[in-house]
Amino acid sequence: MKECMQEIKTLEEFETAKQQDGINVFTFSANWCPDCVFIKPFMPKLVEKYSDYHFYYIDRDQLMDAAVELMVMGIPSFVAFKDGEETGRFVSKLRKTEQEIDDFLSGLSK
């Protein structure tokens, strides 16, 4: 999944990415997570569909400080920012379907 997104590895990169122009979507995930593996096959299609958004991948275990700051404990989870302000979140410990993620992403442009 991180192959189709820019990977964030430090808090500094995270803070910079939040301030990018446009809609910035952060995907919190981990390699060991079965629900994260479940979404991996269809995420490139969604990234392409919403090509006007900036997508970032964060390994929740490697950047726990960002996850704690945003209160993201369940993965996979998504948090969106525009102009440095949070504009949407799809955060839970439940498995997410392609349609649920697509619905979340489509709602960000409204």
Side-chain angles (χ1 to χ4, degrees):
M1 181 168 38
K2 61 185 171 184
E3 297 80 21
C4 65
M5 301 177 195
Q6 181 176 340
E7 187 169 8
I8 300 290
K9 294 185 177 185
T10 67
L11 278 176
E12 292 78 20
E13 290 175 349
F14 173 63
E15 292 300 327
T16 299
K18 283 192 324 189
Q19 301 299 326
Q20 291 288 91
D21 288 339
I23 296 172
N24 305 294
V25 179
F26 296 88
T27 303
F28 288 82
S29 188
N31 292 333
W32 56 265
C33 165
D35 292 338
C36 300
V37 172
F38 175 78
I39 70 169
K40 189 174 181 176
F42 58 77
M43 281 308 297
K45 180 171 60 171
L46 291 173
V47 169
E48 184 176 332
K49 180 176 180 178
Y50 295 95
S51 61
D52 52 332
Y53 297 179
H54 304 282
F55 285 87
Y56 300 95
Y57 175 89
I58 297 177
D59 184 312
R60 197 266 325 256
D61 297 339
Q62 299 299 316
L63 200 54
M64 185 61 80
D65 289 344
V68 169
E69 176 184 326
L70 295 175
M71 295 179 287
V72 172
M73 294 301 116
I75 53 176
S77 285
F78 303 85
V79 181
F81 286 83
K82 184 174 183 180
D83 301 323
E85 298 294 322
E86 185 177 319
T87 58
R89 62 176 37 233
F90 187 17
V91 176
S92 72
K93 62 182 179 178
L94 302 175
R95 178 170 280 188
K96 289 145 184 83
T97 66
E98 180 176 359
Q99 187 61 57
E100 289 173 325
I101 297 169
D102 193 0
D103 290 346
F104 165 72
L105 294 171
S106 70
L108 295 175
S109 62
K110 296 177 181 172

With Thr97 via side chain to side chain contact (heavy atoms under 4.5 Å, CB included) - residues at least two apart
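Thr97 satisfies side chain to side chain contact (heavy atoms under 4.5 Å, CB included) with Gln99, Glu100 only.
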
Qualifying residues under side chain to side chain contact (heavy atoms under 4.5 Å, CB included), relative to Ala66, sequence neighbours excluded
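Applying side chain to side chain contact (heavy atoms under 4.5 Å, CB included) to Ala66 gives Leu11, Phe14, Phe28, Leu63.
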
Looking at [atom1] of [X] and [atom2] of [Y], how far apart are the two atoms once the value is rounded to the nearest 0.5 Å?
X: Asp103; Y: Glu98; atom1: CG; atom2: CD; result: 10.5 Å
X: His54; Y: Asp21; atom1: NE2; atom2: CG; result: 7.0 Å
X: Thr27; Y: Ile39; atom1: OG1; atom2: CD1; result: 6.5 Å
X: Cys36; Y: Met43; atom1: SG; atom2: CE; result: 10.5 Å
X: Lys40; Y: Asp35; atom1: NZ; atom2: CG; result: 14.5 Å

Can you name the nearest heavy-atom pair linking [X] to [Y], along with the distance?
X: Gln19; Y: Glu15; value: CG-O, 3.4 Å
X: Ser29; Y: Tyr57; value: CB-CE1, 3.5 Å
X: Leu108; Y: Gly88; value: CD2-CA, 4.0 Å

Output side-chain donor-acceptor pairs under 3.5 Å for residues 67-84, partner residues at least two apart or in another chain, one line each.
residue: Glu69; atom: OE2; partner: Lys18; partner atom: NZ; Å: 3.2
residue: Ser77; atom: OG; partner: Gly74; partner atom: O; Å: 2.7
residue: Ser77; atom: OG; partner: Ser92; partner atom: N; Å: 3.3
residue: Ser77; atom: OG; partner: Ser92; partner atom: O; Å: 3.4

Criterion side-chain contact (heavy atoms from CB on, under 4.5 Å) on Ile101 and Phe42, from CA distance to verdict:
CA-CA 10 Å; Ile101 297 169; Phe42 58 77; 3.7 Å; yes

Could you tell me whether the side chain of Ile23 reaches within less than 4.5 Å of the side chain of Asp52, counting heavy atoms only?
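A side-chain contact is absent here, since even the closest heavy-atom pair is not under 4.5 Å.
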
Any side-chain heavy-atom pair of Tyr56 and Gln20 under 4.5 Å:
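They are in side-chain contact.
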
For the pair Tyr53 (side chain) and Leu105 (backbone), establish whether a donor and an acceptor sit closer than 3.5 Å, ignoring hydrogens and angles.
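Yes, because the side chain of Tyr53 sits within donor-acceptor range (under 3.5 Å) of the backbone of Leu105.
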
With clusters defined by side-chain heavy atoms of hydrophobic residues (ILVMFWY) lying less than 4.5 Å apart, directly or transitively, does Met5 cluster with Ile58?
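Result: no, two separate clusters.
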
Between Phe55 and Cys4, does the side-chain contact (heavy atoms from CB on, under 4.5 Å) criterion hold? Intermediate values first, please.
CA-CA 8 Å; Phe55 285 87; Cys4 65; over 6 Å; no

